[in-house]
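Take a look at the structure set out below.
Each chain gets a letter, A, B and so on, in the order its sequence line appears, and its residues count up from 1.
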Number of protein chains: 2
Amino acid sequence: MNEEKDTIELMENGHSIYLPHLSIDCVIFGYHEQQLKVLLLKWKNRNRWSLPGGFIKNEENLRTAASRILKERTGLDDIFLQQFHTFGEPTRSERSPEDVEHLSSITNTPLDMEHWLLKRTVSICYYAVTEFSKVDPQPDFLSEQCEWQEIDRLPELIFDHRDMIEEALKTLRLHIYHQPIGYNLLSEKFTLPEIHDLYETILGKALDRRNFAKKLLSLGLIKKLNERKSIGAHRSPYLYKFDKRKYEKALKSGIVLVI
Amino acid sequence: MNEEKDTIELMENGHSIYLPHLSIDCVIFGYHEQQLKVLLLKWKNRNRWSLPGGFIKNEENLRTAASRILKERTGLDDIFLQQFHTFGEPTRSERSPEDVEHLSSITNTPLDMEHWLLKRTVSICYYAVTEFSKVDPQPDFLSEQCEWQEIDRLPELIFDHRDMIEEALKTLRLHIYHQPIGYNLLSEKFTLPEIHDLYETILGKALDRRNFAKKLLSLGLIKKLNERKSIGAHRSPYLYKFDKRKYEKALKSGIVLVI
DNA sequence: TTTTCATTGCGTAAAAATTACGGAATAATA
DNA sequence: TATTATTCCGTAATTTTTACGCAATGAAAA
């Protein structure tokens, strides 16, 4: 990350590189220690956090822009991502004089009220799900930290980013039935208790573990492996993996994976 | 509709009234004679059709803009509408020299390639559902007709508007289980066969009419009226209406109205 | 070595929902 | 009066969901 170069590109040339008035924000979900987490950035010299985001280059596809932004923060290609809502309150990106001063100071750029970055911005939002352990969080030049935060204990967020996370979670809960959420959040090999915990965490409610397992196995989308996972002073659970072909076929045909 | 005034407002002053690079397109569903229909506009002097759409005023909320656009085409306030996808292929709004010439001629405005209307535009899309009979279709100054078209027999559409309709229909099919679709598409009073036909049409598959009726009645969301609808040489079906309070309560609580 | 504890695997059974389908009631027409 | 076709109001078999039990297991404690 070349901070000086990025700063100039955004602050001074951004108005001709990027589509004005439009941005992209990403809600990146990960799952770790039975907690749904979301990747956030902490602004330099501020106790304010934000979602990973950025702008759309003039000749860039929306999805390509979202993927690029994701790659920059996570180090990963080909993350599963879905557009879920476009936020556009006229005042959503307004900054107080203090905020403007702060932005000016961390970018070493004088800002007047006509600067393209201070204009009204409509944000096209995507959610992404990926394996927690594969992510290598990378702050951008405006931030000092890029970290996973628990969905139930979010820090103070800028603009409408908290609303974005809430809307993304609602969408995730609906999509869990016909999008490859579990498939992308879990390791390639997982146990029944692990996928059970994941669904309980996402749906925010208790599911009977015996009925859940029975139903999931009856769908025929996962395969039991000849491997068990040692978990200490208890019976070692079997490992499973998704039958990729059957799973993708089911998704394509729109079969509702109701649990 | 004052054509000259609207033309000047859009073509000459639009760049300062509206947010550039952003538009709104609406997929308006109606239901008539057991057919799902969508409201379309036919361009002047052209056999090309488009969805109702428009731009967002600088201080206008996205949803407010969508409502305004809907009102202008349908004459109705408070139509049920939901944002469903933002389309933004870089080339989606490109026009051939022929198309530019055509636009110039129907607006009596010379257009050079720097005109704000010819720039790349990202479109925020909404679907709406409303009672077919209440709509008073109104073409805008670029169009000579505003008409309902059957979802299964669409005319030639500009840009990615066919994709928009397909995506809207997919969303409608998912939303039918937890959004007031039937409630907004049917008359206040309807019969069991009418709502059964509506669901079959939207879902695109046969539903057993005896099981459908039984299930719908078991949800407790509709009330049988002391009225029947004479349909000629057959037994007159009873009329029903939604129990508004129970229905809204069910929607709020997220009860899935699975049929 | 035996016992304890807590998790996982593999069920059983009752309740609820879904699915398939029949025939009486009805109303205009022949 | 008989015919036709639609609606109403079912019954019953099948499937799914829900609730829950207990044996197998494995590390740690006694």
Specify the separation, in whole Å, of atom [atom1] of [X] and atom [atom2] of [N].
{"X": "A:Leu217", "N": "C:dG11", "atom1": "CG", "atom2": "P", "result": "11 Å"}
{"X": "A:Lys215", "N": "D:dT17", "atom1": "NZ", "atom2": "P", "result": "4 Å"}
{"X": "A:Asn211", "N": "C:dG9", "atom1": "CG", "atom2": "P", "result": "15 Å"}
{"X": "A:Leu239", "N": "C:dT8", "atom1": "CG", "atom2": "C1'", "result": "13 Å"}
{"X": "A:Lys229", "N": "C:dT7", "atom1": "NZ", "atom2": "P", "result": "15 Å"}
{"X": "A:Leu216", "N": "D:dT17", "atom1": "CG", "atom2": "C1'", "result": "16 Å"}
{"X": "B:Tyr240", "N": "D:dT7", "atom1": "OH", "atom2": "P", "result": "12 Å"}
{"X": "B:Asp208", "N": "D:dC8", "atom1": "CG", "atom2": "C1'", "result": "13 Å"}

Heavy-atom donor-acceptor pair, B:Lys42 side chain to B:Arg46 backbone, under 3.5 Å: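 Checking the backbone N and O of B:Arg46 against the side chain of B:Lys42, a donor-acceptor pair under 3.5 Å is found.
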Side-chain donor/acceptor of A:His161 to backbone N/O of A:Leu51, under 3.5 Å: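 Between the backbone of A:Leu51 and the side chain of A:His161 there is a qualifying donor-acceptor contact (under 3.5 Å).
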DNA chain D contacts made by residues 187-194 of chain B, counting heavy atoms under 4.0 Å: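 Contacts with DNA chain D under 4.0 Å: B:Leu192, B:Pro193.
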Toward the 5' end of DNA chain D, by each residue's nearest nucleotide, B:Ile231 or A:Lys214: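 The residue whose closest nucleotide sits nearer the 5' end is B:Ile231.
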So that I can tick it off, tell me whether [Y] and [X] are bridged by a salt bridge, with the cut-off set at under 4.0 angstrom between side-chain N and carboxylate O.
{"X": "A:Arg153", "Y": "A:Glu150", "value": "yes"}
{"X": "B:Lys170", "Y": "B:Glu166", "value": "no"}
{"X": "A:Lys252", "Y": "A:Glu248", "value": "no"}
{"X": "B:Glu188", "Y": "B:Lys241", "value": "yes"}

Partner set under ring-ring contact (aromatic ring centres under 6.0 Å, His included) for B:His196, not counting sequence neighbours: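 So B:His196 forms a ring-ring contact (aromatic ring centres under 6.0 Å, His included) with B:Phe212.
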Residue among A:Trp148, A:Tyr31, A:Phe29 satisfying ring-ring contact (aromatic ring centres under 6.0 Å, His included) with A:Phe132: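 So, applying the ring-ring contact (aromatic ring centres under 6.0 Å, His included) to A:Phe132 and each of A:Trp148, A:Tyr31, A:Phe29, only A:Trp148 qualifies.
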Ring centers of B:Tyr183, B:Phe80 separated by less than 6.0 Å: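 No, ring centres 6.0 Å or more apart.
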Nucleotides 23-30 of chain D: protein proximity per nucleotide (B base, S sugar-phosphate only, - neither; heavy atom, under 4.0 Å): -BBBS---
Sugar-phosphate only, base, or nothing, as touched by A:Lys224 at under 4.0 Å among non-hydrogen atoms: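 Contact class for A:Lys224: sugar-phosphate only.
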Donor-acceptor pair under 3.5 Å, B:Arg210 side chain vs D:dG10 base: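 Result: no qualifying N/O pair found.
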